Amino acid sequence: MTRTGLFQKKINIGGFQTANNVFMAPLAGYTDAPFRNMVRRLGAGLTVTEMVSCKGLVYGSEKTEELLSIGKQESPSSAQIFGREPDIMRRAVELPALSKFDIIDVNMGCPVPKLVKNGEGSALLKEPLLAERIVKELTKTGKTITVKMRIGLTENAYVTQEFAKRMEGAGAAMITVHGRVREAYYSGEPNYKEIASAVNAVTVPVIANGGIFSVEEGEKMLTETGAAGIMLARGAMFNPRLFCDFTATPRPDFASIIQAQLDEIAAVYPDHRFAAINFRKQFVAYLHGVRGGKRIKDAVFAAEDLQTLKALASEVCWD
Ligand SMILES: Cc1cc2nc3c(=O)[nH]c(=O)nc-3n(C[C@H](O)[C@H](O)[C@H](O)COP(=O)(O)O)c2cc1C
């Protein structure tokens with residue numbers, strides 16, 4: 001199959017159809033609505049919010065406005081949640097902030113101690129019965145439920161196949177498998193064999209994630225695992241135009257892409273100074289691998305307003 005053919009498959013997720021099978025991963029601190037709109041325009045088949053706390057939503061401490069706004073380009077829309085109490089999670093999904101989304105994705109892969117010590121995120125991999133109850137409870141809301149998991153907590157204690165089967169049995173309409181264990185965090189090669197074991201165990205679409213920074217790595221991921229699609233994370237965080245390469249469309253000028261993103265940020269965030277400071281790390285991520293990036297990086301970290309960042313975007317030689 002041609003390269004374009006491989007990445008033009010629409011995926012059916014509980015009745016919703018995606019534009020193609022190259023998805024954008026949830027990235028805490030990065031994938032807000034302006035970012036998600038931008039990557040959709042560049043060709044992402046599906047986008048999802050960063051993870052939000054169900055407890056935070058139910059008890060009112062989570063700032064939902066900016067975290068849970070749906071981008072204009074997002075259809076179907078998907079929000080990611082984390083938690084461990086099935087009842088609280090169902091209540092969260094029934095709140096207007098979440099019920100407006102088409103798809104709810106459950107985080108069962110986050111490795112950070114803040115979540116894991118509460119038995120959330122990847123800690124659920126060692127509690128398959130609870131994870132199953134969570135998905136079953138969430139399906140009662142009538143929403144399409146998906147799961148994002150890792151292959152286990154430690155090397156050679158993989159849970160992939162068994163866990164994926166349980167999630168499908170509980171009602172998950174799609175399963176994303178990040179092909180690393182919790183203890184590896186984000187380093188090392190993804191384990192293709194483990195991802196393939198999930199593909200072979202379930203009939204719902206499996207999306208493969210981990211270590212895709214180029215079209216070649218995406219092709220390798222698809223062919224080695226047999227997954228229905230792939231999910232880009234840091235690859236697109238550094239270089240959102242990677243989506244153009246996957247969909248074989250010409251790369252637009254990056255300075256104008258960033259400037260359009262900044263215009264959207266100005267429209268979404270009422271506090272522009274906060275928004276500018278918040279955007280700095282994203283700008284720096286875009287400088288990854290850019291020649292002469294160091295000088296711009298210092299200027300980016302000194303910037304406190306969106307206009308300065310817009311001007312800096314045109315100073316960089318992006319190609
Ligand atoms: C800064 C950062 C934030 C992340 N936030 C989330 C998140 O909110 N939810 C989630 O499921 N995964 C999150 N992840 C994990 C990614 O979605 C992805 O699974 C992981 O980075 C592996 O893909 P990669 O090797 O292509 O980067 C995050 C990763 C990074 C680097």
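Nothing here was measured: the structure is a model prediction, and the numbers come from that model. For ligands, and for the atoms within them, numbers begin at 1 and follow the listed sequence.
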Select the closest option to atom 9 (N) of ligand 1 among R150, Q80, M51, judged by heavy-atom distance. Q80
Which residue owns the protein heavy atom closest to atom 1 (C) of ligand 1, what's the atom, and how far is it? Y30 CE1, 3.9 Å
Check R40 with E264, please: is the shortest side-chain N to carboxylate O separation under 4.0 Å? no
For M221 against I212, the heavy-atom pair lying closest together: CG-CD1, 3.9 Å
Side chain, backbone, both or neither: which part of I212 has a heavy atom under 4.0 Å from ligand 1? backbone
Ion pair E216/K220, N-O distance below 4.0 Å: no
Does D298 come within less than 4.0 Å of K294, counting only side-chain N to carboxylate O? yes
When you measure from the centre of the six-membered ring of Y186, is the NZ or CZ of R150 closer than 6.0 Å and no more than 45° off the axis? yes
Could you tell me the residue and atom name of the protein heavy atom closest to atom 27 (O) of ligand 1, and the distance to it rounded to 0.1 Å? R234 NE, 2.6 Å
Examine the proximity of ligand 1 to R180 and report which part, side chain or backbone, both or neither, has a heavy atom under 4.0 Å away. side chain
To check your reading of the model: name the closest protein heavy atom to atom 5 (N) of ligand 1, its residue, and the distance in Å. A28 N, 2.8 Å
For atom 12 (N) of ligand 1, which protein heavy atom lies nearest, and how many Å away is it? K148 NZ, 3.0 Å
Students should be able to answer this: which protein heavy-atom is nearest to atom 26 (O) of ligand 1, and at what distance? G211 N, 3.2 Å
Can you tell me which residue among V147, N191, I195 is in a side-chain contact (heavy atoms from CB on, under 4.5 Å) with V177? I195
For atom 30 (C) of ligand 1, what's the nearest protein heavy-atom neighbour? Residue, atom name and distance, please. L27 CD2, 3.6 Å
Please confirm whether G109 comes under 4.0 Å of ligand 1, counting heavy atoms of the residue only. no
Protein contact of atom 18 (C) of ligand 1 - nearest heavy atom, named by residue and atom, plus distance: N209 OD1, 3.3 Å
Which word best sums up how the rings of Y286 and F35 line up, parallel for under 30°, tilted for 30 to 60°, or perpendicular for over 60°? parallel
Decide whether the shortest distance between a heavy atom of G235 and an atom of ligand 1 is less than 4.0 Å. no
Ion pair R273/E304, N-O distance below 4.0 Å: yes
Charged N to carboxylate O under 4.0 angstrom, R295 versus E315? yes
How far is atom 14 (N) of ligand 1 from its nearest protein heavy atom, and which residue and atom is that? P26 O, 3.5 Å
